[in-house]
Number of protein chains: 2
Amino acid sequence: MATIRDVAREAGVSIATVSRVFNQTALVSEGTATHVRSIAARLDYWPNSAARSLITHRTNAIGVLLPDLYGEFFSEVIRGIDLAARQEKYQVLVSSFHASAETIVSAIRALRGRIDGLIVMVPDADAHTAIQEFATRFPVVLLNPGANAPECGALSIANYDGAFAAVDHLAKLGHRSIGILRGPLGNLDAEERARGYRDALAANGLAWDEALEVGGDFTESSGFQAAADFARMRPRPSAVFCANDYMAIGLLSALRDAEVRVPEDMAICGFDDIAIAHYLTPALTTVRVDACSLGERALHQLLPFARTRRPADGQREVLPASLVVRRSCGAPVPGTGEARGARSRRRTPSSPSHHRDERLAAGSDGATA
Amino acid sequence: MATIRDVAREAGVSIATVSRVFNQTALVSEGTATHVRSIAARLDYWPNSAARSLITHRTNAIGVLLPDLYGEFFSEVIRGIDLAARQEKYQVLVSSFHASAETIVSAIRALRGRIDGLIVMVPDADAHTAIQEFATRFPVVLLNPGANAPECGALSIANYDGAFAAVDHLAKLGHRSIGILRGPLGNLDAEERARGYRDALAANGLAWDEALEVGGDFTESSGFQAAADFARMRPRPSAVFCANDYMAIGLLSALRDAEVRVPEDMAICGFDDIAIAHYLTPALTTVRVDACSLGERALHQLLPFARTRRPADGQREVLPASLVVRRSCGAPVPGTGEARGARSRRRTPSSPSHHRDERLAAGSDGATA
DNA sequence: TTGTAAGCGTTATCAG
DNA sequence: CTGATAACGCTTACAA
């Protein structure tokens, strides 16, 4: 591989000049610049990034740390980050870890020196404090900061508002006994969604009943298993709010096996609006979160800090969540055929495709802040 | 951030010794080693990777280049790569590009110098040649090499065999008119699947009829649109093989709207076995491809070459694809309830969970090679 | 506008 | 076993 010295020699200039050409320093005449560029092209020269970042202390890369790379939600987040990074000419280093506060620290250590900034989604409150400490001396954007104000950049989805809207919608449909299939204990998103559930009950004059809360872990199989718990309840809830779509899918599947009709016997609502939600039978009413633009926004929030290598201050942005009404909750669905398939798979985050699901905006009013 | 010099000074040794401690060179006494380590820990020292790779010419990172980061298949591939990389202490740099031969070259250029090896999934034959040239001087593993023998490492899924098995199964069920919903023109996977479709027809004494082939682009919406084409055919095909699951989902959805019963009026079969396939109504018969272990295997195939920075030779591995029979093809499904939800979402690639779908092994007999 | 030269923080070579 | 010291390929004052 050709080095800066080869180009300099071949072009009959100094290495400093070559360097300037590649750094747009503009302190070089147009003539020599083009000459150098042509030599460089012929030699297939490109600045060595290790040498470059050794002296500049910048890597032009950002790290992404997620609890696990499984599932559509995370994959969409990564896609959004990648999209934005490509645009900003940043590289993306992805890394997953497995939920304990211990490994998150080692994951960060492995990334150290290779990135200018970090986007991280924290699984629980424990890991949260470890990250917070790190964030005081490094640019970090948190993807789910929980309810308390973080000391770093933070981007959250309107978990509370979205859950509130969903449960409020169920209550307004006349359901008096509404169950919840919760996410993992300690999971920040799950906690906020549960909080939204409870407050929506209260707002509708419904008493909170611990017996109506079933624990889940965000997986389809936990949703499948939860069906038995709901079936056992007396009285049986006429509606269930699931803390994510995967669990709702498992639950729907189990209910079908048990010949419990949805929405007639039990109305179901999910959270996330993953692509499948639209294609289930019945189509799933859920809370839409635009995971792709979450990733995009995170990168854009991080970048100014990454560029200056200054810890991100406590700015916070909340991404709205909107209720998408489909068949599974039993509400009348506007339009015919519900425009199945009309939703483009490859919608770009900046221009979400329109579709005919009824959407009720929620969040972005800062209720979580 | 502490440097090697700080540690050396503090520990009263030379920088060479500190370096040796961190490189397990073993030429250092146990006593000094532990002493140095404790000092390093106190100073929170960790070798600067830029400086390190500047001199060693190794980055301990590999690049992953995919056509687009959308969809469950790709996200599972990345997960597999990440899993294996974590184990091997390699970092993963992901990057997507948008299908033209031009951008794939620029994507590679952007990665150059930052990675020791590259895993790339080529969209079409054009980009293929660009990659091939690059692969002669850099460790590369191709994820879908097509039918011709590549000059680099290659890992492919048994597209031909999987498609053959699926269509053969439909034919054996008595279908005489079997349509195909094809993938994008020029897409290597799609071509192989179409080839398997045709050969399976021939093997069952069915004439190939161009009119039964409908073009798609792997998206749900293209599957949705294709329904009209199939409905218009005379005679209408009694079965359709879709080149991937997303299109099958769109097709199922459109057929339901049109009140065409599946599988009674039309049997449907997909390809990939994405997680959703199991939960559709009717559950989708499809060809399982373990995307996660595809990623895993790719990394393991690449690593020896990445470590030595030697171009990967023409070794080739084919991952088997197996037919998973569910309700949508109309064949009797063994067992009751089909064990919905029994399939763990978080199955690890090394130990896929067992489930009661009927599975017929296909591929791995090298028919694609 | 261009060149010279001093590092950036490591690893590798060669003496001790 | 340990210590000097020369690279690695680049950016950036400082000079010209």
Side-chain angles (χ1 to χ4, degrees), chain A residues 1-37 39-40 43-61 91 109-116 307-309, chain B residues 1-37 39-40 43-61 91 109-116 307-309:
Chain A
M1 200 52 55
T3 76
I4 198 172
R5 237 171 283 274
D6 300 325
V7 178
R9 188 182 336 103
E10 202 75 4
V13 297
S14 73
I15 59 167
T17 300
V18 177
S19 173
R20 284 174 190 125
V21 169
F22 275 85
N23 287 287
Q24 340 269 37
T25 325
L27 296 159
V28 53
S29 77
E30 192 50 47
T32 44
T34 50
H35 178 226
V36 166
R37 257 190 287 267
I39 299 286
L43 266 46
D44 196 27
Y45 166 78
W46 197 259
N48 175 305
S49 56
R52 203 173 223 180
S53 69
L54 177 56
I55 193 159
T56 60
H57 296 289
R58 330 174 77 271
T59 62
N60 278 291
Q91 300 286 338
R109 169 148 303 181
L111 246 27
R112 126 158 41 179
R114 314 184 80 120
I115 55 174
D116 295 339
R307 288 195 209 280
T308 57
R309 300 191 66 68
Chain B
M1 200 53 57
T3 78
I4 198 172
R5 235 171 286 274
D6 301 325
V7 178
R9 186 181 338 103
E10 203 76 2
V13 297
S14 73
I15 60 168
T17 299
V18 177
S19 174
R20 286 178 188 120
V21 169
F22 274 86
N23 288 285
Q24 342 267 34
T25 325
L27 295 159
V28 52
S29 77
E30 192 50 47
T32 44
T34 49
H35 178 225
V36 165
R37 257 189 287 268
I39 299 287
L43 266 46
D44 195 28
Y45 165 79
W46 197 259
N48 176 306
S49 55
R52 202 173 225 180
S53 68
L54 178 57
I55 194 157
T56 58
H57 296 288
R58 326 175 82 272
T59 62
N60 279 292
Q91 299 286 338
R109 169 148 303 180
L111 246 26
R112 131 164 29 185
R114 316 185 78 120
I115 56 175
D116 294 339
R307 287 195 209 280
T308 57
R309 301 191 64 70

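Note on naming: letters A, B, ... go to the chains in the order of the sequence lines (proteins, then strands), and numbering restarts at 1 for each one.
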A:S14 side-chain proximity, nearest of C:dT11, C:dT4, D:dA4: C:dT4
Any B:S53 side-chain N or O less than 4.0 Å from OP1/OP2 of D:dC8: no
Nucleotide of C:dT10, D:dT2, D:dG9 approaching B:L54 most closely (side-chain heavy atoms): D:dG9
Sugar-phosphate only, base, or nothing, as touched by A:T32 at under 4.0 Å among non-hydrogen atoms: sugar-phosphate
Distance test, side-chain N/O of A:T56 to OP1/OP2 of C:dC8, below 4.0 Å: no
Sugar-phosphate, base or nothing in reach of B:Y45, heavy atoms under 4.0 Å: sugar-phosphate
Contact under 4.0 Å: B:S19 side-chain N or O vs C:dT10 OP1/OP2: no
Which nucleotide in D:dG9, C:dG3, C:dT11 has an atom nearest any side-chain atom of A:T17: C:dG3
B:N23 vs C:dT11: side-chain N/O to OP1/OP2 distance below 4.0 Å: yes
Length of the line joining A:I55:CD1 and D:dT12:P, which is rounded to integer Å: 7 Å
Spacing between B:R52 atom CZ and C:dT11 atom P, to the nearest angstrom: 5 Å
Among C:dC14, C:dG9, C:dT11, the one nearest B:T3 by side-chain distance: C:dG9
Atom-pair distance (CZ on B:R9; P on C:dT10), nearest Å: 12 Å
Given D:dT5, D:dG3, D:dC8, the nucleotide with the shortest approach to the side chain of B:H57: D:dC8
A:H35 NE2 - C:dT1 P separation (whole Å): 18 Å
